Amino acid sequence: VGIPRNSIGKYIKEIEKLKYGYILYDYNSKNKRLLELSYKEGKKNKIMNKNIIIRLENKEDYRKTENLVRESFWNVYRPGCAEHYVLHTLRKDPDFVSELDYVMECDGVLIGQNIFVKTVIKADDGRDIPIMTMGPICIKNEYKRKGYGKILLDYSLEKAAEFDKQFPKTGIQIKID
């Protein structure tokens, strides 16, 4: 699967099946490190062999992550942006889900982030329906349109679904189609 046969013993492998391909992980390091990604785009099959890590964000990452979000959204939807401030504010909210606060690194460089926040929909019949919202999600400008956002999105959504299974008492339902 893209790993030399003589080094298979060095890796503890996990293949994570995605809707459009797979990710092979190395667990010898503290964080999951992507060894190989394969996904199908139309009839093409792309393979990326990069040192990609998706991990939980820590407080030391906050400023770098906010700068990444600002640079990624700057002048996209309007002059300037506010997404980095939204991220900064959401982290202080009691409904912020720190267990689903992910950053993505490629070759040691922070290139992406995604978060989830619990919220409630007020239904017309008076019910409160607990849900989880996602975002902001972003990828560093020079890495956009290369598949990194899809990797981060798929990984984050899968972890959100696992979170729902681990903490069913929250009443939050995650549905991924």
Side-chain angles (χ1 to χ4, degrees), residues 14-27 29-41 46 48 50-62 64-73 76 81 83-121 130-168 170-177:
E14 175 184 313
I15 295 179
E16 198 170 306
K17 286 187 106 181
L18 302 174
K19 190 173 182 180
Y20 299 104
Y22 67 86
I23 299 179
L24 179 64
Y25 289 105
D26 168 13
Y27 279 94
S29 58
K30 188 176 180 182
N31 300 304
K32 278 187 173 183
R33 182 174 69 85
L34 184 130
L35 294 174
E36 184 174 301
L37 165 74
S38 172
Y39 69 96
K40 294 177 182 177
E41 190 176 281
K46 293 186 176 183
M48 299 166 66
K50 297 275 187 176
N51 188 10
I52 297 173
I53 296 172
I54 299 173
R55 62 174 174 79
L56 291 172
E57 183 182 38
N58 57 52
K59 289 186 180 187
E60 292 79 34
D61 297 320
Y62 284 3
K64 285 182 190 175
T65 304
E66 289 168 15
N67 286 336
L68 169 71
V69 172
R70 186 186 69 244
E71 291 166 11
S72 181
F73 282 97
V76 173
C81 73
E83 287 79 3
H84 61 294
Y85 181 69
V86 169
L87 175 62
H88 178 80
T89 305
L90 285 174
R91 285 195 196 107
K92 297 174 186 173
D93 192 292
D95 290 325
F96 175 71
V97 184
S98 60
E99 299 89 348
L100 297 172
D101 176 15
Y102 291 107
V103 293
M104 176 186 250
E105 295 177 345
C106 182
D107 296 324
V109 176
L110 182 68
I111 67 161
Q113 70 75 225
N114 193 14
I115 66 164
F116 289 85
V117 179
K118 294 181 270 184
T119 191
V120 173
I121 294 176
I131 65 164
M132 191 125 38
T133 61
M134 183 190 80
I137 180 173
C138 80
I139 296 293
K140 193 170 186 163
N141 289 333
E142 53 267 31
Y143 290 84
K144 288 181 179 178
R145 305 212 185 290
K146 297 181 181 178
Y148 296 100
K150 174 111 174 84
I151 297 167
L152 182 58
L153 179 65
D154 288 347
Y155 183 85
S156 299
L157 290 174
E158 186 172 313
K159 293 302 177 189
E162 287 175 17
F163 179 83
D164 181 45
K165 290 175 188 168
Q166 288 177 329
F167 302 97
T170 62
I172 295 170
Q173 294 186 4
I174 308 290
K175 183 175 180 183
I176 302 170
D177 288 327

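Keep in mind that this is a model prediction, so the values were computed, not measured.
In this structure, the side chain of K146 engages the main chain of E142 through a donor-acceptor pair within 3.5 Å. Checking side-chain atoms of N141 against main-chain N and O of E71 turns up a donor-acceptor pair under 3.5 Å.
Residues satisfying the ring pair (Phe, Tyr, Trp, His ring centres under 6.0 Å) test with Y143, not counting sequence neighbours, are Y148.
Between C81 and R70 there is a side-chain heavy-atom pair separated by less than 4.5 Å. A 4.5 Å side-chain heavy-atom check between I54 and L152 finds at least one atom pair inside the cut-off. The shortest distance between side-chain heavy atoms of Q113 and L110 does not fall below 4.5 Å. Contact of the L100 side chain with the K159 side chain is registered, since non-hydrogen atoms from C-beta on lie closer than 4.5 Å. Side-chain contact between F116 and T133: absent, with no pair of heavy atoms (C-beta onward) separated by less than 4.5 Å. In this structure the side chain of H88 never reaches within 4.5 angstrom of the side chain of V69, judged on heavy atoms. Side-chain contact between V103 and R55 is present, with heavy atoms from C-beta onward closer than 4.5 Å.
Counted within 6.0 Å of OH on Y62, heavy atoms from surrounding residues, nucleotides or ligands total more than 12; the atom is thus considered enclosed.
In this structure, CG on D101 lies 7.5 Å from OG1 on T65, to the nearest 0.5 angstrom. Rounded to the nearest 0.5 Å, atoms CE (M104) and CG (L153) are 10.0 Å apart. Summarising the geometry, atom CE belonging to M134 is positioned 7.0 Å from atom OG belonging to S156; distances are rounded to the nearest 0.5 Å. The distance from atom CD1 of I115 to atom CE of M132, rounded to the nearest 0.5 Å, is 11.5 Å. With values rounded to the nearest 0.5 angstrom, I111 atom CD1 is found 8.5 Å from K140 atom NZ.
In terms of heavy-atom proximity, S98 sits nearest to L56 at O-CD2, 3.8 Å. Residues I139 and G149 come closest through the heavy atom pair CG1-CA, 3.5 Å. Across all non-hydrogen atoms, the minimal contact from N114 to G135 is OD1-N, 3.7 Å. Counting all heavy atoms, side chain and backbone alike, F73 lies closest to I137 at CZ-O, 3.6 Å. Nearest approach of L87 to P136, heavy atoms of both residues: CB-CG, 4.3 Å. Smallest separation of non-hydrogen atoms from S72 and K144: O-NZ, 3.1 Å.
Between E66 and R91, at least one side-chain N (NZ, or NE/NH1/NH2) sits under 4.0 Å from a carboxylate O, which counts as a salt bridge.
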